[in-house]
Amino acid sequence: MTTKRFFPRQVVESSGNRWDWALLPLVLALLVLLAYGGSQMARPYQVGETLPLTLDPVVLPYYLMRTTLRMFIAMGCSLVFACVFAVLAAKYKAAEKLLVPLLDILQSIPILGFQAIAVAPFILLFPGNLFGVECAAIFAIFTSQAWNMAFSMYQSLKTVPGELKEAAAVFQLSGWQRFWRLELPFAMPGLLWNMMMSMSGGWFFVVASEAISVANQDIKLPGVGSYIALAIEQKNLGAIGWAIFGMLVGITLYDQLFFRPLLAWADKFRFEEGSQESAPSSWLLTWLRRTDRLQAMFLRAGGVLQRSFRVFKRSYDGTSIRARAAPPNSGWSRAWDALVAAAVLLAVWRLIDFVHAEVGLAEVLHVFMLGCFTMLRVLVLIAIAAVVWVPIGIWIGMNPRWAGRLQAVAQFLAAFPVNLVFPLVVVGIVHWELNPSIWLSPLMVLGTQWYILFNVIAGASTVPTELRYAAQNLGLSGWLKWRRYLLPAVFPSFVTGAITASGGSWNASIVAEYVTWGDTTLQAQGLGSYIRQMTTTGDFPRIALGIGVMCVFVMGMNHFVWRRLYRMAEDRLHF
């Protein structure tokens, strides 16, 4: 792992150099935007009040600012959630048995299901204020970002190389020190790429997150998502074009001002030494490194972290009896397993009672058949996406120069909301009289295939240099090179991407299997279409049935397919 520093140790205390003064307008502009956006998010509001929306392109910068602010707040919450989840699930077997299946369930619940649960409590928490509705929208965006980042952190912590774990044990690092000095730096490259993917994934569901329904009232918050929804409702192709342009500008800005500096800074956490020529670069990071005042601020923040290492350190050395691993207590483990099994049985019994009383067995069998149709689409589309994007992701990840050039392009493609493709799809299917059950299917993977690409790029970029040299010296080529070197090298990252792409495709089926453009509606047979129809009619028992069946399918695929591949990655493909 490289050890180059973000800032030099010695900082000259002064009123700031010319780079500090040059950066001042940018910092002040960001502070003003944050203050203005925060004031607009917390203004007085009563449920039933209509928030003015317009398709005038002049308001797009304001809408873009509101949407981006919501997405970054959700990103911060997702980062905290991912770290806490990964640490608990990776280090405690008892917690892993509960948290990993729970994350499977959360990933499989559609965004409409989260909205139905969360909107009213948030509004009651902040009565008479728009911040309650804003929190509901932020929570919806959080549910589209957090699961991917949590899986990435969990996979990274489970696959930390053994020699690094041994080094941490030799240096007697405490849990707190090990997280900040070993585990988080090791997970950083993959985590950053998944943060970018999660940010882009938030755009995919931004239309649903900014359109809130509560107490028979439709609330559309000012933002790009509401702008797109209004454009689709009015069949305004010009407004959709402006929305695409606004998204492109926004993604370019936060790529240059946030993600690109982070990627360039995180290059020092690579597991192996790399050439300076191939290292990612950022004009803003170079600018920051030339400042005086900001360097001093970052060094003070780093000093706080350093002092925490002295506070949260081991109180014993490696020769103490306390250093020995405690023998596993089979009694507590069995009691915990019994408790989890009892909870599962209780949930199953309540589900059977609900089904018998509200919907009937015939409806359940019908919904399971629709779930089989959707599962077939998901499996076929994920397989096609893997064949296309795994080779491309490996090539990009092993060529850092191209990774930097294609980063913003990949973010924009991943952020492109599938709703904006509806006009072309609906017009094409109606014009050529195509089968919606077939030709609506690609919409499911349009926004989720990028999980595979971004994770494979992250995995390929962290392949040890000595492994690359070994493959070159052995003269590996053709299929042998792919089977013995490239595919095993990125396999853990691919599994992470495939899990999140699969779960995201199930969620996207609600949008992709039930497409509207103005007065025209196209439906494909599937579970997503069923949930969307029941949501439109307000049939809560059947909404719950559809979501429950989707959870069963997603958890079944994760347990019988992806978890087995995860174990294979941990046991056999560990570098």
Side-chain angles (χ1 to χ4, degrees), residues 34 37-38 41-42 65-89 99-100 102-126 130-154 191-214 219 221 223-226 250-251 254 258-259 411 414-415 417 447-448 450-451 454 496 499-501 503-504 506-508 510-511 547 551 554:
L34 285 174
M41 292 173 67
M65 185 257 308
R66 293 285 295 271
T67 297
T68 305
L69 184 57
R70 294 183 192 110
M71 295 179 71
F72 269 100
I73 294 174
M75 174 65 67
C77 297
S78 299
L79 184 60
V80 174
F81 171 83
C83 292
V84 173
F85 168 86
V87 169
L88 293 177
L99 291 178
V100 174
L102 179 61
L103 192 62
D104 291 338
I105 295 174
L106 293 173
Q107 181 186 346
S108 63
I109 297 176
I111 191 172
L112 297 177
F114 283 113
Q115 273 194 336
I117 297 171
V119 172
F122 277 120
I123 291 179
L124 292 175
L125 191 61
F126 300 96
L130 187 63
F131 193 64
V133 185
E134 291 282 358
C135 286
I138 292 169
F139 179 74
I141 297 172
F142 165 85
T143 62
S144 68
Q145 296 178 341
W147 323 138
N148 173 52
M149 294 169 58
F151 272 124
S152 173
M153 274 292 293
Y154 171 72
L191 180 62
L192 281 179
W193 279 99
N194 278 280
M195 285 173 63
M196 289 190 291
M197 182 63 242
S198 294
M199 191 72 173
S200 299
W203 286 101
F204 186 80
F205 292 104
V206 74
V207 175
S209 64
E210 291 181 352
I212 308 293
S213 296
V214 58
I219 306 172
L221 293 170
V224 177
S226 297
I251 292 170
Y254 69 64
F258 185 74
F259 284 117
Q411 285 187 73
T448 59
W450 312 109
Y451 288 111
F454 275 51
T496 300
I499 288 178
T500 48
W506 281 95
N507 265 291
I510 297 175
V511 178
I547 293 175
C551 290
V554 173

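- The shortest heavy-atom contact between Met153 and Ala82 is CB-O, 4.0 Å.
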ask   = Is there a side chain to side chain contact (heavy atoms under 4.5 Å, CB included) between Asn507 and Thr448 once you walk through the steps?
value = CA-CA 10 Å; Asn507 265 291; Thr448 59; over 6 Å; no
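- One N or O on the side chain of Thr143 and one on the backbone of Ala140 form a donor-acceptor pair closer than 3.5 Å.
- Taken from CH2 in Trp506 to SG in Cys551, the straight-line distance is 10.5 Å, to the nearest 0.5 Å.
- Here the closest heavy-atom approach between residue Phe122 and residue Cys135 is recorded as CD2-CB, 3.5 Å.
- Contact annotation: the side chain of Phe151 never approaches that of Phe85 to less than 4.5 Å [non-hydrogen atoms, C-beta and beyond].
- Here Met65 contributes atom CE and Arg70 contributes atom CZ; the two are 9.5 Å apart, rounded to the nearest 0.5 Å.
- At least one side-chain heavy atom of Met199 sits less than 4.5 Å from a side-chain heavy atom of Phe259.
- In this structure, OG in Ser152 is found 11.0 Å from CD1 in Ile499, a value given to the nearest 0.5 Å.
- With values rounded to the nearest 0.5 angstrom, Asn148 atom CG is found 11.5 Å from Met196 atom CE.
- Contact annotation: the side chain of Tyr154 never approaches that of Leu103 to less than 4.5 Å [non-hydrogen atoms, C-beta and beyond].
- A donor-acceptor contact shorter than 3.5 Å is absent between the side chain of Ser78 and the backbone of Gln145.
- Heavy atoms only, all atoms of each residue included: Gly38 and Leu69 are closest at N-CD2, 4.0 Å.
- Ring-plane geometry between Tyr254 and Phe72 is classed as perpendicular, the angle between the planes exceeding 60 degrees on a 0 to 90 degree scale with a lower cut at 30.
- Between Leu191 and Leu79 the shortest side-chain heavy-atom distance falls below 4.5 Å.
- In this structure, the side chains of Ile73 and Met41 come closer than 4.5 Å at one or more pairs of heavy atoms.
- The main-chain N or O of Met195 is never found under 3.5 Å from a side-chain atom of Ser198 such that the two would form a donor-acceptor pair.
- Side-chain contact check for Val224 versus Val206: every heavy-atom pair is 4.5 Å or farther apart.
- Thr67 places none of its side-chain heavy atoms less than 4.5 Å from the side chain of Ile141.
- The shortest distance between side-chain heavy atoms of Glu210 and Arg66 does not fall below 4.5 Å.
- In terms of heavy atoms, Ala86 sits closest to Ala150 at CB-O, 4.5 Å.
- Distance check: Glu134 CD to Ile219 CD1 gives 10.5 Å after rounding to the nearest 0.5 Å.
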